[in-house]
Amino acid sequence: MNARGLDLAQLRTFLAVTEAGSVSGAAERVFLSQSSVSEQLKKLEERIGQPLFVRSKQGVAPTPAGAKLVEHARRIVAMCDAAFDDMLGRSLDGELRLAITDYYRPHDVAAIIRRFASQHPRLRLHVTVLPSAVIDAGAHDDMFDIGLSLRMVDAPSSRANRAATPGSAAGARQSTVIRREKLVWVGARETLREHGSLAPPWPLVLLPSTCQLQRYVVKLLERARMPYLISHSASGVAGLQLALKAGLGISCLNESAIGDGVEACPASFGLPALPAAEFHLLPGRPGENPQVSHAREALAALLG
DNA sequence: AGGTTGTCCAACCGAGCCTG
DNA sequence: CAGGCTCGGTTGGACAACCT
């Protein structure tokens, strides 16, 4: 190791700790033991000459020095990865069109895409937010290069996809499940706590019927013979979150899309049980540019 | 010059301990 | 009890010394 400067492995571990919020969580990410991560942090702190994290039983939080180092570390690691890919002839350039559902980790997705873009500075990234049904339907068109859609685990389209065998017309290539989350009924925290219960008909905050999750919710309530009224229609998940927070009604969201001021409805409401949701990275089209295939692999590593 | 051996040291791990 | 730290043992890479 150099007598001066920063060690790349330690910086990667440092970033993993920052992102995981704990030493043990970071250990899983970087495939080391908790003690090894702790020792690497200690060495990095000794080298820098000041503590980078405040330790507690809830995990770790960056000190001002730690927060300062995060930005440097991200740039250094991204530049290193980009240089490595470039030397292997895997550097991405040109235009890449990404279609993504807005249910996917709304609070993190911008940072993930920014990190992807910084790893591939020559890439011109074009991101479009679309309903999952549109993304799935466009899988065979030339609307986008890489698609990320949401599917309910017990929904027929999902089952069909899972059952697809290589060589079959519809599912010659399998999509990749990159994340699985619970779906939950949600409403404004204040409304739920103040009233304790809501009376039917259930006021629903929904997206347009092009959203398969919202169609699913309506079908579920109708099947359970639970009266509802659509109290607010939003154009996207961000609008849905605002309407929920304002107490305009209840809706169904995946865990990572639950925003501030919104929380799960209590079981006492008796709302129907919801399935899990999966985020699918659509497979490449036949004859796809190898660069797009590589971009898909790189994105899958970041999106998980 | 190239191969083998011995030594050093950094990195890792698991166990046990500490702390709030 | 969960999460982090410390310690002792193990492993593997780097390097010098030695041998063929």
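Everything numeric in this text was worked out from a predicted model, so none of it was measured. Throughout, a chain's letter reflects where its sequence line sits, starting with A, and its residues are numbered from 1.
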>> Angle between ring planes, A/His294 versus A/His120, binned at 30° and 60°: parallel, tilted or perpendicular?
In response: perpendicular
Under 3.5 Å, which N/O atoms of the protein pair with N/O atoms of nucleotides 4-10 of chain C?
unit_1	atom_1	unit_2	atom_2	d
C/dG4	OP1	A/Val23	N	2.7
C/dG4	OP2	A/Val23	N	3.3
C/dG4	OP2	A/Ser24	N	2.9
C/dG4	OP2	A/Ser24	OG	3.0
C/dC5	OP1	A/Arg55	NE	2.4
C/dC5	OP1	A/Arg55	NH2	3.2
C/dC5	OP2	A/Ser38	OG	2.6
C/dC5	N4	A/Gln34	OE1	2.8
C/dT6	OP2	A/Lys42	NZ	3.4
C/dC7	N4	A/Glu39	OE2	3.0

> About how many Å separate CZ of A/Phe53 and CG of A/Leu44, when rounded to the nearest 0.5 Å?
Replying inline: 8.5 Å
>> What's the separation between atom CG in A/Leu253 and atom CG in A/Leu244, rounded to the nearest 0.5 Å?
In response: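 Taking CG in A/Leu253 and CG in A/Leu244, the distance rounds to 6.0 Å.
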> Which pairs pass side-chain hydrogen bond (donor to acceptor under 3.5 Å, both in side chains) with one or both residues in residues 60-79 of chain A, sequence neighbours excluded?
Replying inline: A/His72-A/Arg75
> Separation of A/Leu32 atom CG from B/dA10 atom C1', in whole Å?
Replying inline: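 To the nearest whole Å, that distance equals 14 Å.
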> Under the 6.0 Å and 45° cation-pi test, does A/Arg285 pair with A/Phe144?
Replying inline: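 Yes, a cation-pi geometry holds between A/Arg285 and A/Phe144.
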